[in-house]
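Take a look at the structure set out below.
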Amino acid sequence: MKKFLIAVFLAAAITAPVFAAEQGIMEFGVKAGLPLTQQTTLDGNGSRDYDMKTTMSVGADFFYYVDYNIAVGIGAEHIFNSKLKYAPDEPKDKIGYTNIFFEVKYNFDFDEDGYNNIYPIFQLGYGILHGDWDLRDDPSGASVENENGVYWGIGMGATIARYFIMELIYSCNYGSAEFTGYPKNFEYDVATYRFKFNVGFKFDFY
């Protein structure tokens, strides 16, 4: 399944520019993000929710306009590792993600040239879990294997003066972490929810 998803994303990345070049307007953007809130749920022997410390993200998008207002595309972002807020005497675990996704948006223009607009946006794809687990108090030879999972996001964005973008995105990453080398091996299902503010700029071309 993982290999299939990766192959689909790569195929889309290679073929979309060729198709778009013959059909309509294309758009490329880069952005940086700041999670305003984020929380991780670890579900193993019971479920516990943890707030996370502030981090940041960087990303890029490529869109093709299938109609004047409707754009479909692919995107990628890297969310840098952030500490889970445990009690002071608990481990210092960190979690981050790299997401690759398909996305769609619909522009509501405020002027005839489309220099200013707002747009709802939806993203769906594959998230790579970067779990940096603190094993300092665990048995010798203990290890953790991270498993990747689904990513989705939904939100609103705005284009200002044609080139500048701002977005508010609510998103979730799913994954798991398998701990081995203990008296009893165990696994956590990992779900990270965040509400994020993005800023960036974009270029239109034909």
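For Ile118, the side-chain contact (heavy atoms from CB on, under 4.5 Å) partners two or more places apart in sequence, or in a different chain, are Phe108, Phe110, Met156, Ala158. A search for ring pair (Phe, Tyr, Trp, His ring centres under 6.0 Å) contacts involving Tyr151 returns Phe101, not counting sequence neighbours. By the ring pair (Phe, Tyr, Trp, His ring centres under 6.0 Å) test, Phe186 is found to be paired with Phe179, Tyr182, Tyr188, residues two or more places apart in sequence or in another chain being considered. For Tyr193, there are no ring pair (Phe, Tyr, Trp, His ring centres under 6.0 Å) partners at least two apart in sequence or on another chain. The salt bridge (charged side-chain N to carboxylate O under 4.0 Å, His left out) check on Asp204 picks up Arg162, Lys202, with sequence neighbours excluded. Under the rule for a side-chain contact (heavy atoms from CB on, under 4.5 Å), the partners of Phe122 that lie at least two apart in sequence or sit in another chain are Val104, Leu124, Ile154. Residues that satisfy the salt bridge (charged side-chain N to carboxylate O under 4.0 Å, His left out) test with Lys196, not counting sequence neighbours, are Glu77. Applying the side-chain contact (heavy atoms from CB on, under 4.5 Å) test to Ala60 and every residue at least two apart in sequence or in another chain returns Phe28, Val30. Checked against ring pair (Phe, Tyr, Trp, His ring centres under 6.0 Å), Phe195 has no partners two or more places apart in sequence or in another chain. A search for side-chain hydrogen bond (donor to acceptor under 3.5 Å, both in side chains) contacts involving Thr40 returns Thr192, not counting sequence neighbours.
Between Thr55 and Asn81, the closest side-chain pair of non-hydrogen atoms is not below 4.5 Å. The shortest side-chain heavy-atom distance between Thr159 and Asn116 does not fall under the 4.5 Å cut-off.
Only one option out of Phe205, Phe201, Tyr206 pairs with Phe203 in a ring pair (Phe, Tyr, Trp, His ring centres under 6.0 Å); it is Phe201.
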Enumerate donor-acceptor pairs with a distance under 3.5 Å from any side-chain N or O in residues 171-178 to protein atoms, sequence neighbours excluded.
from	atom 1	to	atom 2	distance (Å)
Ser171	OG	Arg194	NH1	3.2
Asn173	OD1	Asn99	ND2	3.4
Asn173	OD1	Arg194	NH1	3.1
Asn173	OD1	Arg194	NH2	3.3
Asn173	ND2	Asn99	OD1	2.7
Ser176	OG	Glu187	OE2	3.4

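With values rounded to the nearest 0.5 angstrom, Lys94 atom NZ is found 9.5 Å from Asp134 atom CG.
Within the structure, every pair that satisfies the salt bridge (Lys or Arg N to Asp or Glu O under 4.0 Å) test and touches residues 49-74, not counting sequence neighbours, is listed here: Lys31-Asp61.
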